[in-house]
Amino acid sequence: MEPKIALTLARGDAEALMGCLRRRFERLCDIRKELCEPDEFDELEREERAYFDAENALVERVIGELARALEEEPRH
C-alpha cells in the first residue's frame with residue numbers, strides 16, 4: 001500500500017483550494033472534449049489523452065477527499 005501524507009489546512013484555505021480544484025477539473029473536462037478520441041495511430045495523441053485522463057482522475061480524487069474532510073469538520 002502506498003504511504004499516506006497528511007496535510008493540515010485552515011478551513012478557508014481548504015475551501016479556496018476546493019474551488020481551484022473544481023475549476024481545474026472543469027478545464028480538464030473541456031480539454032478532454034477538445035481532444036475527442038485520439039487517433040489510434042498517433043502516439044502523441046494517445047499519450048496526451050492518457051496524461052489528461054490520469055490528471056483528471058487525480059483531481060477528482062483530491063476533490064472527493066477535500067469534500068469529505070470539509071463535511072466532517074464542523075464550521076465554528
Side-chain angles (χ1 to χ4, degrees):
M1 181 168 198
E2 193 170 352
K4 302 278 183 177
I5 293 178
L7 175 66
T8 302
L9 296 173
R11 182 174 189 86
D13 289 344
E15 290 169 344
L17 178 58
M18 178 74 106
C20 292
L21 288 172
R22 282 192 172 133
R23 284 188 299 280
R24 175 81 174 159
F25 183 75
E26 290 167 5
R27 180 65 187 127
L28 286 170
C29 288
D30 291 343
I31 290 170
R32 287 182 68 221
K33 288 176 190 171
E34 290 172 13
L35 289 173
C36 300
E37 289 301 315
D39 180 348
E40 66 182 78
F41 299 110
D42 187 331
E43 181 67 25
L44 181 59
E45 283 186 28
R46 287 194 314 272
E47 287 176 8
E48 190 175 50
R49 178 66 184 255
Y51 169 81
F52 283 111
D53 285 345
E55 190 171 282
N56 193 41
L58 172 62
V59 172
E60 191 172 24
R61 283 193 308 274
V62 172
I63 287 172
E65 290 296 322
L66 267 174
R68 278 188 284 288
L70 288 169
E71 288 172 2
E72 291 173 4
E73 185 65 32
R75 286 185 170 263
H76 294 288

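These numbers come from a predicted model, not from an experiment. All residue numbers in this chain count up from 1 along the given sequence.
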- Message: Could you see if Y51 belongs to whatever hydrophobic cluster contains L44? Use Ile, Leu, Val, Met, Phe, Trp, Tyr and a side-chain cutoff under 4.5 Å.
- Response: no
Out of curiosity, [X] [atom1] to [Y] [atom2], how far, rounded to the nearest 0.5 Å?
{"X": "F52", "Y": "R27", "atom1": "CZ", "atom2": "CZ", "value": "8.0 Å"}
{"X": "L58", "Y": "I63", "atom1": "CG", "atom2": "CD1", "value": "9.5 Å"}
{"X": "N56", "Y": "R61", "atom1": "CG", "atom2": "CZ", "value": "10.0 Å"}

The criterion is salt bridge (charged side-chain N to carboxylate O under 4.0 Å, His left out); which residues satisfy it with [X], sequence neighbours excluded?
{"X": "E65", "result": "R68"}
{"X": "R22", "result": "none"}
{"X": "E55", "result": "R24"}

- With sequence neighbours excluded, what pairs up with R23 under the side chain to side chain contact (heavy atoms under 4.5 Å, CB included) test?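 R23 satisfies side chain to side chain contact (heavy atoms under 4.5 Å, CB included) with C20 only.
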- Item | A14: partners by side chain to side chain contact (heavy atoms under 4.5 Å, CB included), with sequence neighbours left out |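 A14 satisfies side chain to side chain contact (heavy atoms under 4.5 Å, CB included) with L9, L66, L70 only.
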